[in-house]
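Here is the structure we will look at, set down as structure tokens.
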Amino acid sequence: MGPHLIATDLDGTLLGADHALAELTVATFQALAARGHHVALASGRHYRDILAFRDRLGIDAHVVSTNGAYTHGPDGELLAARYLAGELARELIALPRPEGVRLNLYHDDEWVIDAEAPELLALHVHTGFGYRVVAPERLDGEGVGKVLYIGEPDRLGELEAEVRRRAGEALHVTYSTPNSLEIMAGGVNKGSALAALLDRLDLAAERCLAFGDNLNDTEMLARAGEAHVMANAHPALGEAVPHARRIGHHDQAAVARHLAERFAL
């Protein structure tokens, strides 16, 4: 059996409810890597936030971060970076936001936020990654991989409609969770990053297995020859990728269990 590329989302997919990797998952991915298969960790998280999971797996893995804005090789080399146009980023920074909605920007090396929000750090307890507070008027909009609005879903819906009205196809707009509205440059998503990585590895899409649970995984799953949605996935994800196979729950290490069966580990 020749090498495959295994591309997986993290939260709600590879990670358990505690946002950590199960022992079974670590052992499974090490076995796959030992057989020569490629791995890509593809997440809306920042690159620096993903490194702890790659290190925990203990394997060489590509990292597709910030919903496809950045791709790094197993050695940490930056292979691709796609930024929002400065003018558009500045417009999003200045866009009036409903009360309680936090503005976040992902740059190459850091996460900045417009006000303290310590409750958001619970997601990053296993990585130690954190934000830096910067007043919006001090943000120049340059070098932004992603603009992220975090807040109540109904308030984000209003904001999403306004963003789409203003920018149209110039932006890629999606959700990683119901309270996380994620905005990248047009054409930037996990799917386009996966397509570029497959070309780099000289692999056909048919030799790619992808796993995801939320709307920001749509394009990645659509690209893969073997697509999988989690039992806990957003209801619209399976509808958007009808060829995807439904597997178990992320809190039961379902990705690892499926891969162990698929590759007879």
Side-chain angles (χ1 to χ4, degrees), residues 9 11 42-51 63-72 78-117 120-121 123-124 129-153 155-196 214-220:
D9 174 51
D11 297 286
S43 173
R45 288 181 184 245
H46 194 283
Y47 171 68
R48 288 177 53 202
D49 201 21
I50 299 173
L51 291 181
V63 175
V64 175
S65 62
T66 314
N67 284 328
Y70 302 96
T71 300
H72 287 78
L78 178 63
L79 303 178
R82 299 178 65 188
Y83 304 104
L84 286 150
E87 181 179 351
L88 285 173
R90 287 187 287 273
E91 186 172 353
L92 292 171
I93 291 166
L95 191 65
R97 300 184 301 281
E99 183 180 357
V101 173
R102 296 272 62 81
L103 168 70
N104 304 258
L105 304 182
Y106 277 21
H107 295 281
D108 290 2
D109 296 315
E110 68 173 348
W111 161 25
V112 300
I113 192 169
D114 66 335
E116 289 286 355
L120 299 182
L121 298 177
L123 183 66
H124 312 278
F129 188 59
Y131 55 68
R132 181 168 67 92
V133 178
V134 181
E137 59 270 19
R138 293 180 53 204
L139 297 168
D140 64 8
E142 298 300 324
V144 176
K146 176 175 78 174
V147 174
L148 166 63
Y149 299 110
I150 299 178
E152 294 298 323
R155 295 175 179 176
L156 292 183
E158 300 170 13
L159 198 54
E160 177 194 1
E162 180 62 16
V163 168
R164 291 187 183 277
R165 185 188 70 79
R166 292 186 181 213
E169 297 300 314
L171 297 171
H172 182 79
V173 182
T174 189
Y175 286 85
S176 57
T177 65
N179 67 348
S180 297
L181 174 62
E182 315 233 357
I183 303 173
M184 288 68 63
V188 174
N189 54 69
K190 295 182 186 183
S192 57
L194 179 63
N214 224 306
L215 300 180
N216 63 328
D217 298 314
T218 303
E219 293 82 8
M220 177 175 72

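All residue numbers in this chain count up from 1 along the given sequence.
Considering every non-hydrogen atom in both Leu78 and Ala80, the closest pair reads CD1-O, 3.3 Å. When every heavy atom of Gly151 is checked against every heavy atom of Val101, the shortest pair comes out as CA-CG2, 4.3 Å. Here the shortest heavy-atom pairing between Ala69 and Gly145 reads CB-O, 3.7 Å. Of all heavy-atom pairs spanning Gly44 and Asn67, the tightest one is CA-OD1, 3.3 Å. Between Ile50 and Ser43, the shortest heavy-atom contact is CD1-CB, 3.8 Å. For Glu158 against Pro98, the heavy-atom pair with the smallest separation is OE1-CG, 4.2 Å.
Around the CD atom of Glu87, the shell of radius 6.0 Å holds no more than 12 heavy atoms that belong to other residues, nucleotides or ligands.
Sorted by first and then second residue, the salt bridge (Lys or Arg N to Asp or Glu O under 4.0 Å) pairs involving residues 181-190 (not counting sequence neighbours) are Asp9-Lys190, Lys146-Glu182, Lys190-Asp217.
Paired with Ile150 under the rule side chain to side chain contact (heavy atoms under 4.5 Å, CB included), one option of Leu181, Leu103, Leu120 passes, and it is Leu120.
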>> As a quick check of understanding, evaluate side chain to side chain contact (heavy atoms under 4.5 Å, CB included) for Val163 and Leu171, giving each step before the final call.
In response: CA-CA 9 Å; Val163 168; Leu171 297 171; 3.8 Å; yes

>> Walk me through whether Arg138 and Val134 qualify under side chain to side chain contact (heavy atoms under 4.5 Å, CB included).
In response: CA-CA 7 Å; Arg138 293 180 53 204; Val134 181; 3.9 Å; yes

>> Go through it in stages, so that I can follow the logic: the residues are Leu92 and Tyr149, the test is side chain to side chain contact (heavy atoms under 4.5 Å, CB included), and I'd like the CA-CA distance, side-chain angles, deciding distance and then a yes or no.
In response: CA-CA 10 Å; Leu92 292 171; Tyr149 299 110; 3.5 Å; yes

> Could you go step by step and tell me if Tyr47 and Val63 meet the side chain to side chain contact (heavy atoms under 4.5 Å, CB included) rule?
Replying inline: CA-CA 7 Å; Tyr47 171 68; Val63 175; 3.7 Å; yes

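Within the 3.5 Å criterion, the main-chain N or O of Val173 finds a donor-acceptor partner in the side chain of Arg164. Between the side chain of His107 and the backbone N or O of Gly143 there is at least one donor-acceptor pair closer than 3.5 Å. Remark: the backbone N or O of Gly68 is not paired with any side-chain donor or acceptor of Thr66 at under 3.5 angstrom. The main-chain N or O of Glu99 is found under 3.5 Å from a side-chain atom of Arg155 such that the two form a donor-acceptor pair. Distance alone, capped at 3.5 Å, places no donor-acceptor pair between the Asn214 side chain and the Asn216 backbone. Listed for the Ser192 side chain is a donor-acceptor partner under 3.5 Å among the backbone atoms of Asn189.
No hydrogens or angles considered: nothing links the side chains of Asp114 and Tyr131 as a donor-acceptor pair under 3.5 Å.
Taking the six-membered ring for Trp and thresholds of 30 and 60 degrees, His124 and Trp111 have ring planes inclined between 30 and 60 degrees apart. Ring pair His46/Tyr70 is tilted by interplanar angle, where 30° to 60° counts as tilted.
Between Arg165 and Glu162, at least one side-chain N (NZ, or NE/NH1/NH2) sits under 4.0 Å from a carboxylate O, which counts as a salt bridge. Looking at Arg90 and Glu142, a side-chain N of the basic residue comes within less than 4.0 Å of a carboxylate O on the acidic one, giving a salt bridge.
A 4.5 Å side-chain heavy-atom check between Arg45 and Asp11 finds at least one atom pair inside the cut-off. Side-chain contact between Leu156 and Tyr175 is present, with at least one heavy-atom pair separated by less than 4.5 Å. Leu105 has its side chain out of reach of Glu110: every pair of non-hydrogen atoms, C-beta onward, lies at least 4.5 Å apart.
Distance check, rounded to the nearest 0.5 Å: CG of Leu148 to OG of Ser176 gives 6.5 Å. Going from atom OG1 of Thr71 over to atom CG of Leu79 covers 6.5 Å, rounded to the nearest 0.5 Å.
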